[in-house]
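Worksheet: the structure to be examined is printed underneath.
Start at 1 and go down the list; that is how both ligands and their atoms are numbered.
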Amino acid sequence: MKYGLIADPHANYEALSVAVSHLIEQEVHEFLCMGDIVGYNASPVQVIELLQEVGAVCINGNHDRYLLGQPPEEVGPEKVYVVEWTRRQLGDVEMDFLRALPTQREHAEGILMVHGSPQDMDEYLLTKEAIQKAVRYLGQNHPATQVCFFGHSHIPMIIGEGRIEMNFQETRTVRLNRMRSYLINVGSVGQPRDKCRKTSFGIFDSEAYTISIIRLDYDVEAERARIIEAGIDRRLANRLLHGV
Ligand SMILES: [Fe+2]
């Protein structure tokens, strides 16, 4: 099976449409989305429609839960504006779609889908301590999991075999070991933060046992124009230029 992996699309239709077209060309059998479907960018309806069109198996992220009425403890004014603007765009169909999503999901072939980390949906797997804790938690609580896909940090990363592999600013395929388990973030489709503006997504091939993290250019200016037209904070539009 070839799985098309999408995390943190964040209402960026220009980026998601490039990622989905590529994944269709590569003949993936199924799309998995690790949450944060909305927030930050300005195409929430188109992004939900495209995920529905390809039948993506989705979980929710903190931005989706915020939209549904579960705000985080601290929230900046720019995020308040985006969530209120997004609510005005979505109809019942889109709201129902988001409401139906679980916060994590055990999928076929030993795949676990989470947004933040296996033990905490809002945790960022960025520090060595958090990562070590997550590896231990996964081993103890999800022994059948072979590959746990996560998002939230927007930084592509492969954790496994006692090391953390980063630096995926160009497309790269990594062979995995079937005897080991992994935590993998394929980066963010809609708001990359590894100082590379290219959209970031992935393919997990469960037969070849490889993971590809794919980086492609997309029309950043078109998405920026939508953000600015929507009255969303320009800083969110400008982040897309620099991948931060
Ligand atoms: Fe996110």
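Between Tyr40 and His63, the ring planes lie tilted relative to each other; the angle falls in the 30° to 60° range. Ring geometry for His142 against Tyr137 counts as tilted: the plane angle lies between 30° and 60°, on a 0 to 90° scale. In this pair, His10 and His154 present their aromatic rings tilted. The plane angle is within the 30 to 60° band.
Of all the heavy atoms in Ser200 and Pro156, the pair that sits closest is OG-CG, 3.9 Å. For the pair Ser153 and Tyr124, the tightest heavy-atom approach, listed with the atom from each and the gap, is CA-CD2, 3.9 Å.
The Fe ion (ligand 1) has no N, O or S atom of His152 inside 2.8 Å of it. Among the atoms of His115, none of the N, O or S atoms falls under 2.8 Å from the Fe ion (ligand 1).
To the nearest 10 degrees, the Fe ion (ligand 1) sees NE2 of His154 and NE2 of His10 at an angle of 90°.
The Fe ion (ligand 1) sits nearest to atom OD1 when only the N, O or S atoms of Asp8 are considered. In Asp36, the N, O or S atom that comes nearest to the Fe ion (ligand 1) is OD2.
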